[in-house]
There are 2 protein chains.
Amino acid sequence: MSVTIYDIAREANVGIGTVSRVLNNSANVTSETRERVITVARKLNYQPHAFAQALARKRSNTLSAIIPFFTNYFFIEVLQGVQETLTTLGYDLIIHGANNKLQVEEYLQRSMRKGRVDGTLLFSMEFPEQYVEEFYQKKTPLVLVDTFHPKFDSIRVDNASGATTATEHLIALGHKNIGMVNASLKSAPARERLASFKQTLERNGLPVLEANIVTSTEEKNDGFSRESGFRGMVEFLERGVPVPTAFFVSSDIQAIGVLAALRERGLRVPEDVAIVSFDDVELAKNFDLTTMSQPMFKMGELAVKKMIERIENPNAPVTSVNFKPSLVVRASCGANKKYVFHEQ
Amino acid sequence: MSVTIYDIAREANVGIGTVSRVLNNSANVTSETRERVITVARKLNYQPHAFAQALARKRSNTLSAIIPFFTNYFFIEVLQGVQETLTTLGYDLIIHGANNKLQVEEYLQRSMRKGRVDGTLLFSMEFPEQYVEEFYQKKTPLVLVDTFHPKFDSIRVDNASGATTATEHLIALGHKNIGMVNASLKSAPARERLASFKQTLERNGLPVLEANIVTSTEEKNDGFSRESGFRGMVEFLERGVPVPTAFFVSSDIQAIGVLAALRERGLRVPEDVAIVSFDDVELAKNFDLTTMSQPMFKMGELAVKKMIERIENPNAPVTSVNFKPSLVVRASCGANKKYVFHEQ
DNA sequence: CCTATGTTTGAAAGCCCTTCCATAGAACAT
DNA sequence: ATGTTCTATGGAAGGGCTTTCAAACATAGG
């Protein structure tokens, strides 16, 4: 039916071993035979059978990525980094979109199916403890992105550093009364961002008022949502406490809700209330948000690099990289005089 | 090293054929032996080797999707439909993010590597004419999503119908002077949307004024961008013609730019200018845009179904499905009195 | 009880490749 | 010319599975 190395061997009057050697650029083939084989291969429009190769090589050149689809903006940008790097290395990427823990587990199972993939990237979701042992035993390479487990390589964002920078930026702009709209404390990033926010206020001699902090209690997406931000700010405004002149918001998507709530109340951003948020997803640009930018593309790249290293050296010590977010100043904090909307 | 059916066969005192039959739920195995084999398999924690299976079955249960990353919002939602359907069918999905024609071609090549995937989904990008013959010969199943070629199955959005509905909505709201901000005419959807816009005006006895139509000349992303919308509207406002009371904008992302341009000029939406756009990506919700909604998730589902049909019946006649976009009324057209921001 | 029919089973063949091993031949040294 | 060392090459083995084939066994019918 379709062309195999046997066809090429016959046509070129060589053995299949030689064909394989030519196709894999192995040494010890005269340039004459090499030429001949290549010509025939091209003539027959030969395409290697990936699975047969994988079976023989015991390597699939394929990775899988388990990704929560709901983290939309974040993952898509990391994914680009992953993809681009992978392509240059000749790897393929299998996507597993998970929306809950159960699915994560199912996909982890699948990833362990022998030979299917050379390694797995797990994004933004906790690695289930009960699989630790199994992954360890089977030495299935695993890299965690935007999540953490002491036994596996991980790449994360330094939430502490980011929250500190954000808060300090507001302080530097002269704000004395700064509030925070946070996501659910069930989420580790939310906890870390809150802690550093408080510390930074203290370190700068500013009071830490619990009344100025709104914490989401929403289940859905751990409160990292527009609705959560909206409701959080509405709730806050109803508290009747003096409205801070600035807010640190734990994600861009929440900030959009916050913006809407402030608008409804007739409060202007940044004139009445300055906003700094976190993530710098595509959206942030559209809303002119000053925010803490995560190097998502780079994180994707690094994730792949780490994975390759892990594959090549399964016994190397576990590493954990923290990316420091950088401040992107747009209009919402009031620091920027010019209208930033036109930026690329 | 790792557990194979041979290990199971030995341990369970049966032949490998029997093991395979049990594992594949084939008929003609006594429930006794079946039980025994299953027990042993479980005990040894057997995982089938996907590639060996694929090699023997001549079927990989894997599809590839070639996707332009820049269509972000659109593709991600379609992708969810694809993914979810695929998962229930036990298929895997390989993602190929392409940013230009060259990459598309490279990935098409890869997809043709025998056995690698059972079929390929091509998103939003033209299928290169020079590959038609090859795909046809090799019978590599191909389904086009949001793009079209007469020789392959395709799933599209009915741009004509969508543009008509959008325009009629504005007309129904009493607007007599309606403009359009369009993307580059290099893009087929842009051409189709424009044509129907004009036709609808005519059919309703309204004048078609070229002066009221802005066409993007931008290369990048065929003018489907925020910047393009912004510049388009700024340019329009400088023409000095009377500003229409309503605009049909060819995409949500452009509409966001349009909104910003109007805001700069002090024009309010929807009081001074009503806006209806196209796509209904996540963003549209955040900006309260009235827009033509594409059933993206469903398109993904259908794409997979079509693919499966094609795989199972390679000689079925080519089909082409057009999804009719539906109008989602939010705030930007002025029809909706209530503030819609809170919608889920 | 024997034949005919059907069911269950083991094992070989095949899927397509890579890699190892043995051999033939060339090149070189003596 | 003979022996030695290398290089080039063909082909078998092996990777782990499915499927086919033939044999073994069971059941039923006469």
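Fair warning: this is a prediction, and the values are worked out from it, not measured in the lab. By convention in this document, chain letters (A, B, ...) are assigned in the order of the sequence lines, proteins followed by strands, and residues within each chain are numbered from 1. Note that these values count all heavy atoms, side chains included, but never hydrogens, waters or copies made by symmetry.
Distance, A/Glu32 CD to C/dA26 P: 13 Å, rounded to whole Å. Spacing between atom CG of A/Leu55 and atom C1' of C/dG14 amounts to 13 Å, rounded to whole angstrom units. For the pair A/Ile8 CD1 and D/dG10 P, the computed distance is 14 Å after rounding to whole Å. Between the CZ atom of A/Arg116 and the C1' atom of D/dC17 there is a distance of 15 Å, rounded to whole Å. Rounded to an integer number of Å, the gap from CD1 of A/Ile5 to P of D/dG11 is 12 Å. Rounded to an integer number of Å, the gap from A/His49 NE2 to D/dG16 P is 16 Å. Straight-line distance from the CZ atom of A/Arg59 to the P atom of C/dT19: 12 Å, rounded to whole Å. Note: CG (A/Asp7) to P (C/dC15) measures 11 Å, nearest angstrom.
Among D/dC17, C/dT9, C/dC16, the nucleotide with an atom closest to any side-chain atom of B/Thr4 is D/dC17. For A/Ile16, taking side-chain heavy atoms from C-beta onward, the closest of the listed nucleotides C/dG10, D/dC17, D/dA12 is D/dA12. The nucleotide whose nearest atom lies closest to any side-chain atom of B/Asn28 is, among C/dT9, D/dG16, C/dC17, C/dT9. Counting only heavy atoms from C-beta on, B/Arg21 has its side chain closest to C/dT9 among D/dG10, C/dA12, C/dT9. Of the candidates C/dC17, D/dC17, D/dG11, D/dC17 carries the atom nearest the B/Ala52 side chain, counting heavy atoms from C-beta on. When distances are taken from the side chain of B/Ala56 to each of C/dC16, D/dC17, C/dC17, the shortest belongs to D/dC17. Across D/dT19, C/dT9, D/dA8, the shortest atom-to-atom separation from the side chain of B/Ser20 is found for D/dT19.
Scanning atom types as modelled, no donor and acceptor separated by under 3.5 angstrom connect the side chain of A/Tyr6 and the base of C/dC15. With hydrogens and angles ignored, no donor-acceptor pair under 3.5 angstrom links the side chain of B/Arg57 to the base of D/dG16.
Contact check, A/Thr18 against D/dG10: a side-chain N or O comes under 4.0 Å of OP1 or OP2. Using a 4.0 Å cut-off, some side-chain N or O of A/Tyr46 falls inside it from OP1 or OP2 of C/dC17. In this model, the phosphate group of D/dG16 is not approached by any side-chain N or O of B/Gln53 to a distance below 4.0 Å at OP1 or OP2. One finds no side-chain N or O of B/Thr30 lying less than 4.0 angstrom from the OP1 or OP2 phosphate oxygen of C/dT7.
Both the sub-6.0 Å distance and the 45° axial angle are satisfied by A/Lys151 relative to the ring of A/Tyr136.
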Take B/Phe51 and A/Phe51 through the test ring-ring contact (aromatic ring centres under 6.0 Å, His included) and record every step on the way to the result.
CA-CA 5 Å; B/Phe51 289 165; A/Phe51 289 166; 4.7 Å; yes
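Remark: side-chain polar atoms of B/Ser20 are not paired, donor with acceptor, to backbone N or O of B/Ile16 under 3.5 angstrom. Looking at A/Glu77, its side chain never comes within 3.5 Å of a backbone N or O of A/Met296 through a donor-acceptor pair.
No contact: B/Leu23 has no heavy atom under 4.0 Å from any strand. At the heavy-atom level, A/Thr33 lies under 4.0 Å from the strands shown only through sugar-phosphate atoms. Counting any heavy atom pair closer than 4.0 Å across all strands shown, B/Asn13 reaches sugar-phosphate atoms only and no base atom.
Defined by atom type and a distance below 3.5 Å, a donor-acceptor pair is missing between the side-chain atoms of B/Arg310 and B/Asn315.
Note: B/Phe148 and B/Phe127 fail the aromatic proximity criterion, with ring centroids not under 6.0 Å apart.
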